[in-house]
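One structure is given here, and the rest of the page talks about it.
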Amino acid sequence: MSSLRFRVVEEAFKKKAVAVERPEERPSDYFAKYVFNREKMFRYLPRTAYDALVDAIDNGKPLDREIADMVAAGMKKWAIEMGVTHYTHWFHPLTDGTAEKHDAFVEQDGNGGVVEEFSGKLLIQQEGDASSFPNGGIRNTFEARGYSAWDPSSPAFIVGDTLCIPTVFISYTGEALDYKAPLLKSLGAVTEAALDVCRYFDKNVKKVYSYLGWEQEYFLVDEGLYAARPDLLLTGRTLMGHESSKNQQLEDHYFGAIPTRVSAFMQELEIESLKLGIPVKTRHNEVAPNQFELAPIYEECNLANDHNQVIMELMRRIARRHGFRVLLHEKPFKGVNGSGKHNNWSLGTDTGVQLLSPGKTPEDNLQFVTFLVNVIMAVYKHNGLLKASISSATNAHRLGANEAPPAIISIFLGSQMSQVLDELENCSDDTTISFHGKTGVNLNIPKIPELLMDNTDRNRTSPFAFTGNRFEFRAVGSSANCASAMIVLNAAVAHQLKLFKIEVDKLIESGIPKEKSILSVLKSYIRESRPIRFDGNGYSDAWKEEACRRGLDCETSVPVIFDAYLRPSSIRMFSETGVMNAVELAARNEVKWETYTKKVQIEARVMGDLVLNHILPVATRFQSMLLDTVCKIKNVFPEEEAAEISARDIDIIRKIAFHSTAIQDKVAAMVDARKLANKIENEREKAVAYHDTVVPKLDEIRYHTDKLELMIDNQMWPLPKYRELLFVR
Ligand SMILES: NC(=O)CC[C@H](N)C(=O)O
């Protein structure tokens, strides 16, 4: 009998919700308690330092050393009052995680004692060992320096006894080694390009913001059960497991009553998030059993992304206090919904206009259509690159099934907006615009309903859906750093808006009125970008064929998908927007290929260990028990009767032999494939070899193991089964 499995199941069943200590104040009182936000800046900084810092945050003005010293002193004072003893530069290396190295404030005072100090120098910049983080060959170990530099646009915050300072991480030669540096550059590019275009419509606009509202999906699994699954522990997903008879078919989990242990976890997570200034808003059961979702109110993109990184860490920590492990993997369980992190993206102005929201007047709507069509055009031109931005070894398991979009980027507009664009494209130039003297311009832009139906049912299979006032990039994976997708999207839209402006300006210079120039360019874009628009079922084979015919990127091999970063059109787009140069792009791809290989390699090793040391020995033992029974039957009964009685057991013995042999052979083949792939030096070719020769073996081994799970005595099966992992809570 498998004692560990039964013990953990029994213990999990006994667990009760952990009591959560609720603060006495209301959320609005403790919101951002641990954040050095404007209110605290005002309180703890001299006026000159406050003004300079606000100018740096709002307008990117550089801060001088003297001001940095004042800011550091104010931050330290606040942090020490909050009981803080350490500080850290907090950054996002290319690992899909965060990094922090804590230093105490203490310094020797020269008299045998210590004082607590924190200078502007330490706030602004710190040296780190770049070669110990993924760097794609940019830093060799013998010249390993890199440094982290303060990002004043994201406020410092306190976790435990440590003051965390958001920073970018770059090599000494200036290349970005993280997600934040290129994200900030892409945001600078898009807000500047969008501002230029906004000025066609409103000269009073001074600033444009790029917003992000992420939705974090995740699973919770009881900690004991998790510990009894080496595959979950080491790879984040189950490499084997026959599907549970009941899973999500009844659609009874989605939006259902939140289980009590989970509800306690969510309450604590929300309290801690609010204290860190994260405006968490929505919580609910997701589609798969034991799957849940959390979403905040949207924020400026860089801040929103920092908050997502903070919250993933918080989830991991708080889950453990509640006897759970949180699974952020995109597809922890085969056959049920995977987890996405839908990125709701939009642009807005300092005058309060949402640029992707239909307006009330025809002029407003021309502005709306301008931004809408340019986004569509950017996504069309860079659809392969956008796919590369969300692709990973883990997300590959999720795409294409259970409400996750397929591995082809297309845009869902919904019938109303599609109709508006069709009408625009087909109307003649003269009938489109008519002037009414000085009172303004009458644009015969088709009437756009103010409230567009958010047709969520039909956009479920769309990777990029328009939802009335924003786009929802649904293909992003739950474990990803949103920045990967946001860098590409913001940069591509920035580039597109710049091209648009050049074209429109040329027409205006040739004497064509502004509105007419804008419309004429838009019409050509609507025509050109038509292939990216698709409102149908993204899962159908017909769409796959159709998408290839339309010239959309239909590549499904993750390592090959990454090639999109190095296409001339991508390099041009990134360099012309100043977001990344060719060296950085090449280095990042090295990291992507290497990470892909290592993830598959780890899975292959875990799989080999599990089947050889956990599953096959049990299969043999059970088979031998059946053989015993068959022999005993033979001793007791006449030959014919014995054959009849033991027929079922003999059948199972044969099947176990068949599947066990298959597993043995396939593990050997997988090991050979790995050995061969490991000899390849080129990272891209190695990743391709892993994809083509190792990944299929994992699926084949799983097939046979899952068959064994169905025939071996339940008492003997060593790993917690899907029904236990998904339904015990
Ligand atoms: N209801 C939903 O939106 C499901 C989304 C799905 N879990 C995904 O992978 O994206």
Side-chain angles (χ1 to χ4, degrees), residues 96 212-221 236-238 243 247-258 262 266 281-296 298 308 312 315 326-345 386-387 389-412 414 453-468 470-482 484-486 489 534-535 537-539 543 556 558 722 725-726:
D96 281 347
L212 166 64
W214 43 262
E215 301 165 19
Q216 180 72 55
E217 295 183 338
Y218 60 96
F219 281 84
L220 285 175
V221 170
R237 75 176 178 114
T238 52
E243 70 171 3
N247 48 47
Q248 62 186 39
Q249 340 48 342
L250 295 177
E251 293 162 339
D252 51 355
H253 183 65
Y254 191 55
F255 283 13
I258 301 172
V262 176
M266 287 176 169
K281 174 114 178 140
T282 306
R283 60 183 187 206
H284 61 82
N285 287 1
E286 249 306 320
V287 175
N290 273 358
Q291 190 188 25
F292 308 92
E293 180 176 310
L294 161 81
Y298 69 90
N308 181 244
M312 289 198 288
M315 290 169 93
V326 65
L327 307 182
L328 295 173
H329 192 291
E330 283 78 3
K331 196 77 176 179
F333 303 101
K334 194 177 160 186
V336 294
N337 263 40
S339 298
K341 175 150 53 200
H342 307 165
N343 278 202
N344 292 279
W345 174 87
L386 280 161
K387 181 162 71 181
S389 78
I390 57 93
S391 288
S392 64
T394 52
N395 205 14
H397 296 287
R398 163 182 167 249
L399 298 183
N402 303 108
E403 300 176 5
I408 299 171
I409 301 291
S410 62
I411 293 183
F412 172 95
M453 284 276 287
D454 176 359
N455 201 341
T456 39
D457 262 359
R458 289 182 56 212
N459 73 27
R460 284 276 162 98
T461 66
S462 177
F464 204 87
F466 181 67
T467 55
R470 61 185 185 274
F471 277 99
E472 185 180 357
F473 195 2
R474 296 175 60 88
V476 183
S478 51
S479 72
N481 186 315
C482 305
S484 180
M486 290 296 105
L489 181 59
F534 176 66
D535 282 4
N537 173 10
Y539 291 166
W543 166 237
T556 54
V558 171
Y722 264 34
L725 293 165
L726 289 170

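Each ligand, and each atom within it, is numbered from 1 in the order the structure gives.
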Original post:
Do any nitrogen or oxygen atoms of Gly338 come within less than 3.5 Å of a nitrogen or oxygen of ligand 1?
Top reply: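 By distance alone, the answer is yes.
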
Subject >> Any N or O of Ser339 closer than 3.5 Å to N or O of ligand 1 >> reply: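 In this structure, Ser339 places no N or O atom under 3.5 Å from an N or O of ligand 1.
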
What residue and heavy atom of the protein are closest to [atom], and at what distance?
| atom | result |
| --- | --- |
| atom 9 (O) of ligand 1 | Arg398 NE, 2.8 Å |
| atom 1 (N) of ligand 1 | Glu403 OE1, 3.1 Å |
| atom 5 (C) of ligand 1 | Glu217 OE2, 3.5 Å |
| atom 3 (O) of ligand 1 | Arg474 NH2, 3.3 Å |

Original post:
Can you say whether the rings of Phe219 and Phe333 are parallel (under 30°), tilted (30 to 60°) or perpendicular (over 60°)?
Top reply: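 Phe219 vs Phe333 ring planes: perpendicular.
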
Taking all atoms of both residues into account, what is the closest heavy-atom pair of [X] and [Y], and its distance?
| X | Y | answer |
| --- | --- | --- |
| Trp345 | Arg470 | O-CB, 3.4 Å |
| Ala396 | Val558 | CB-CG2, 3.7 Å |
| Ser462 | Ser410 | OG-O, 3.8 Å |
| Ser339 | Arg398 | O-CD, 3.3 Å |
| Ile258 | His284 | CD1-CA, 4.3 Å |

Original post:
For Glu217 and Asn337, what are the C-alpha separation, side-chain angles and deciding distance, and is it a side-chain contact (heavy atoms from CB on, under 4.5 Å)?
Top reply: CA-CA 10 Å; Glu217 295 183 338; Asn337 263 40; 5.8 Å; no

Subject >> For ligand 1, the portion of Glu286 having any non-hydrogen atom under 4.0 Å away >> reply: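 Side chain only.
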
Original post:
With a 4.0 Å cut-off on heavy atoms, is His342 touching ligand 1?
Top reply: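 Yes.
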
Need the ligand 1 atom indices (1-based, order shown) with element for anything under 4.0 Å from a heavy-atom of [X].
| X | value |
| --- | --- |
| Gly340 | 9 (O) |
| Ala404 | 9 (O) |
| Asn337 | 4 (C), 6 (C), 7 (N) |

Original post:
For Ser479 and Glu330, does a side-chain donor sit closer than 3.5 Å to a side-chain acceptor?
Top reply: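 Yes.
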
